[in-house]
Amino acid sequence: MLNYKRYKRVPVVSFPERTWPDKEIQKAPVWCSVDLRDGNQALIEPMVVEEKIEFFNLLVKLGFKEIEVGFPSASQLEYDFLRSLVDRGLIPEDVTVQVLVQCREHLLKRTFEALEGIPRAIVHIYNSTSTLQREAVFHMDKEQIKQIAVDGTKLVKEYAKDFPGKIILEYSPESFTGTELDYALEVCTAVQEVWGPTPENPLIFNLPSTVEMNTPNVYADQIEWMHTHFKNRDSIILSVHPHNDRGTGVASAELALLAGADRVEGTLFGNGERTGNVDILNIAYNMFSHGINPELNIENINELIEVYERLCKLPVHERHPYAGKLVFTAFSGSHQDAINKGIQAMNERNDGYWEVPYLPIDPADVGRQYEPLVRINSQSGKGGVAFVMDTYFGFKLPKAMHKEFAEAIQKISEKQGEVAPEQIMEEFRKEYLNQKEPYYFRRLSVEEKHTDKNSTVANVTVDYEYNGIPRSLTAAGNGPIDAVLTGIRRETGLEVRVLDYTEHALSLGSNAQAAAYIHMLDAETGRTTFGVGVSSNITRASIRAAFSAMNRLIAMKR
């Protein structure tokens, strides 16, 4: 039995003054990528220096202005990476690198050595403040834990005094979500008093959801409580660093922005310890989908996936928001039909806004293509098959024809699973375009004459084959199709009638092809079916469609 009684409910925050539920995200926060530190340390095979440099260049290309490059005092590789960035001149003037370091003098000394030559850097110090870690890990009381933060701040201030560049302090009360709010504020205030930030030279307070312990609304309450209780708030940049232990990291970050956060630390695609950090791309694309500039260059998600998967050696899940191979794919027939109709309605509306059922954004806006948009399997319906024929191949099947052709594809999908668009088109050729037995249309000549009754008579001559034997017929009617069917009834004895006829152009230009669709009835059996013909001449296309339908009716009889 699942022993749920082993676990305690984490307390919520009593904060009736909260205002975040009535707010909306209006702009992008300051983004800080921690891929090269928090993300890299969680990889099965961490990146080497050249791989980290390539990843750093990708982050710069994406538009990140703050990038945590690692823990240079922790290992020689981390140190060498930072020095490589400096020595090769790879850090743009508008990009600030961030380094993480524990509050220990020898580690800070090594960190500042690694930063030599950088005009501007964020030094990120931290210590855990939670009740659990105070008791179980450090065996210290509140004053002792606070003193670690104060002493670390003093050390950074001392080293920063002689540093030729600008140092911005970032302090994180690690395990913030498990820390009493009044105590977290007490520690942060002590750091603030030592550092002495101003509106011109602010201090970053990073309040991490180091382990996601409660619902996102509770995190938002914690953030807004701190936001409203900080003194000299205009001298503070309020940063959040959500993890994803409960699967709600994105929601926690978004609600934290409503609650007063100015800055978000996270990684591409959510890489990180355990279930990962918050996915910055996910939040950015969410903003984009609401008409907000995410302030990141994320137009080509395929490039991001390629670099990420190659360097991190981790796959992006097929259902990952915005990035997964299947997220712009519809298997359900009703979804496919709605997408088809939604795109048609949007094109007719032509108001410049993207509004399509089941597709929150246009895949093309993030570098994806329409090719994988709809995939057909045994769960798909007639609308999906028709959408593939229209979107991929330009055949706008009459609505009454959707069910007939979809049933043919359904039989294939029940045997093999998913049916690719190319296979759907091949089946369309087999079922309609290549129906040339037993009657095969070869040539047609038409002569139209005007009668005394102000009408037109079409005289046709048709060359065709019956089971490979050449034949010819002549007939007259009120149009080419009527004349041909009159001749067929006379020559073959088949009682066929046209129920409906549609046509359209398949492509633009002088070599444009036309598609014709004929819905035909076999008066003897009562069966109906469609025929399809294609030609650069619409009259020939219609006669080919008539022969296609006639052959399908004969095959049904057999």
Query raised in the report: Hey, do the aromatic rings of Tyr126 and Tyr171 have their centres closer than 6.0 Å?
Result: no
Requested in this report: Check whether any side-chain heavy atom of Asp22 lies under 4.5 Å from a side-chain heavy atom of Leu258, and answer yes or no.
Outcome: no
Query raised in the report: If you draw a 6.0 Å radius around CZ in Arg104, do more than 12 non-hydrogen atoms from other residues or ligands fall strictly inside?
Result: no
Query raised in the report: Quick one: are Asp337 and Phe387 in side-chain contact, heavy atoms under 4.5 Å?
Result: no
**Report entry** His229 side chain to Trp225 backbone, donor-acceptor under 3.5 Å
**Finding:** yes
Query raised in the report: Taking the side chain from Asn277 and the backbone from Asn271, do they hold a donor-acceptor pair closer than 3.5 Å?
Result: yes
Query raised in the report: Does a sphere of radius 6.0 Å around CD in Glu45 hold more than 12 heavy atoms from other residues, nucleotides or ligands, not counting ones at 6.0 Å or beyond?
Result: no
Query raised in the report: Should Glu212 and Ser252 be marked as a side-chain hydrogen bond (donor to acceptor under 3.5 Å, both in side chains) after you check the CA-CA gap, both sets of side-chain angles, and the distance that decides it?
Result: CA-CA 9 Å; Glu212 197 172 34; Ser252 292; 3.1 Å; yes
Query raised in the report: How long is the gap from CG on Leu281 to CG on Leu296, to the nearest 0.5 Å?
Result: 7.5 Å
Report summary line: Shortest non-hydrogen pair, Ala121 vs Thr96, comes out as CA-CG2, 3.9 Å
Query raised in the report: How about Glu66 and Arg263: do any of their side-chain heavy atoms sit closer than 4.5 Å?
Result: yes
Query raised in the report: Rounded to the nearest 0.5 Å, what separation is found between the NZ atom of Lys65 and the CH2 atom of Trp31?
Result: 14.5 Å
Report task. Report the C-alpha distance between Asn286 and Glu254 in whole Å, list the side-chain angles of each, state the deciding distance to 0.1 Å, and finish with yes or no for side-chain hydrogen bond (donor to acceptor under 3.5 Å, both in side chains). Result -> CA-CA 10 Å; Asn286 284 352; Glu254 291 182 327; 2.9 Å; yes
Query raised in the report: With no hydrogens and no angle check, is any side-chain donor or acceptor of Arg120 less than 3.5 Å from a backbone partner on Asp94?
Result: no
Query raised in the report: Is there a side-chain contact between Val419 and Gln416 (heavy atoms, below 4.5 Å)?
Result: yes
Query raised in the report: Should the heavy atoms of other residues, nucleotides or ligands under 6.0 Å from CD of Glu24 be counted, would the total exceed 12?
Result: no
Report task. Using modelled atom types only, decide if a donor and an acceptor are shared between the side chain of Asn232 and the backbone of Ser235 within a distance under 3.5 Å. Result -> no
Report summary line: Of all heavy-atom pairs linking His124 and Ser172, the shortest is NE2-OG, 2.6 Å
Requested in this report: Kindly say whether Val48 contributes a backbone atom to a donor-acceptor pair with the side chain of Glu51 at under 3.5 angstrom?
Outcome: yes
Requested in this report: State whether the number of non-hydrogen atoms from other residues, nucleotides or ligands found under 6.0 Å of Lys313 atom NZ is greater than 12.
Outcome: yes
Report summary line: Nearest heavy-atom contact between Glu78 and Pro72 is CB-CA, 3.9 Å
Query raised in the report: Are there more than 12 heavy atoms of other residues, nucleotides or ligands under 6.0 Å from atom CD of Glu17?
Result: yes
**Report entry** Under 3.5 Å: donor-acceptor pair, side chain of Glu355, backbone of Met346
**Finding:** no
Query raised in the report: Hey, do the aromatic rings of His241 and His243 have their centres closer than 6.0 Å?
Result: yes
Query raised in the report: Which salt bridge (charged side-chain N to carboxylate O under 4.0 Å, His left out) pairs, counting each pair once, include a residue from residues 269-279, with sequence neighbours left out?
Result: Asp245-Arg274
Query - CD/Glu306: more than 12 non-hydrogen atoms of other groups inside 6.0 Å - result: yes
Query raised in the report: Is the backbone N or O of Val250 less than 3.5 Å from a side-chain atom of Asn282, with the two atoms forming a donor-acceptor pair by type?
Result: no
Report summary line: Closest heavy-atom pair, Pro173 versus Pro208, reported as atoms and distance to 0.1 Å, is O-CD, 3.7 Å
Report task. Enumerate the residue pairs fulfilling salt bridge (charged side-chain N to carboxylate O under 4.0 Å, His left out) with a member in residues 124-136, sequence neighbours excluded, ordered by first and then second residue. Result -> Arg134-Glu180
Report task. Any chance you could lay out the side chain to side chain contact (heavy atoms under 4.5 Å, CB included) test for Leu238 and Leu207, step after step, and finish with the verdict? Result -> CA-CA 8 Å; Leu238 177 48; Leu207 306 179; 3.4 Å; yes
Requested in this report: Evaluate the ring planes of Phe112 and Tyr159, with Trp represented by its six-membered ring, and classify them as parallel (under 30°), tilted (30 to 60°) or perpendicular (over 60°).
Outcome: parallel
Query raised in the report: Glu348: what forms a salt bridge (charged side-chain N to carboxylate O under 4.0 Å, His left out) with it, not counting sequence neighbours?
Result: none
Report task. Over 60° means perpendicular and under 30° means parallel, so classify the ring planes of His335 and Tyr358, tilted if in between. Result -> parallel
Query raised in the report: Salt-bridged, Glu54 to Arg310, with N to O below 4.0 Å?
Result: yes
Report task. Using a 4.5 Å cut-off on heavy atoms from C-beta on, say whether the side chain of Ser175 contacts that of Gln133. Result -> yes
Query raised in the report: What's the shortest heavy-atom distance between Ala323 and Val316, and which atoms?
Result: CB-CG1, 3.9 Å
Query - Close side-chain approach of Glu265 and Glu170, heavy atoms under 4.5 Å - result: yes
Report summary line: For residues 219-234, the salt bridge (charged side-chain N to carboxylate O under 4.0 Å, His left out) pairs (sequence neighbours left out) are Arg18-Asp221, Glu193-Lys231, Arg233-Asp262
Query raised in the report: With the threshold set at 4.0 Å, does a side-chain nitrogen-carboxylate oxygen contact exist between Glu158 and Lys154?
Result: no
Query raised in the report: Between Arg88 and Glu50, is there a salt bridge with N-O shorter than 4.0 Å?
Result: yes
Report task. Evaluate the side-chain proximity of Leu268 to Leu59: yes if any heavy-atom separation is below 4.5 Å, no if none is. Result -> yes
Query raised in the report: So, for Leu90 and Phe56, which heavy atoms are closest and what is the spacing to 0.1 Å?
Result: O-CE2, 3.4 Å
Query raised in the report: So, Asn244 side chain and Thr248 main chain: donor-acceptor pair closer than 3.5 Å or not?
Result: yes
Query - Distance (rounded to the nearest 0.5 Å) between Asn300 CG and Arg368 CZ - result: 10.5 Å
Report task. Tell me, please, which residues at least two apart from Lys166 pass salt bridge (charged side-chain N to carboxylate O under 4.0 Å, His left out). Result -> none
Query - Rounded distance [0.5 Å steps], CG in Leu169 versus CD1 in Ile122 - result: 10.0 Å
Query - Within 6.0 Å of NE2 in His290, more than 12 heavy atoms from elsewhere - result: no
Report task. Answer yes or no: is there a donor N or O on one side and an acceptor on the other, between the side chain of Lys157 and the main chain of Val194, under 3.5 Å? Result -> yes
Report task. For residues 27-43, pull every pair meeting salt bridge (charged side-chain N to carboxylate O under 4.0 Å, His left out), keeping only residues two or more places apart or in separate chains. Result -> Arg37-Glu68
Query raised in the report: Do the non-hydrogen side-chain atoms of Tyr219 and Met213 ever get within less than 4.5 Å of each other?
Result: no
Query - Flag, side chain of Asn302 to backbone of Gly367, donor-acceptor distance under 3.5 Å - result: yes
Report summary line: d(Ile168 CD1, Asn201 CG) to nearest 0.5 Å is 8.0 Å
Query raised in the report: To the nearest 0.5 Å, what is the distance between CG (Leu43) and SG (Cys312)?
Result: 5.0 Å
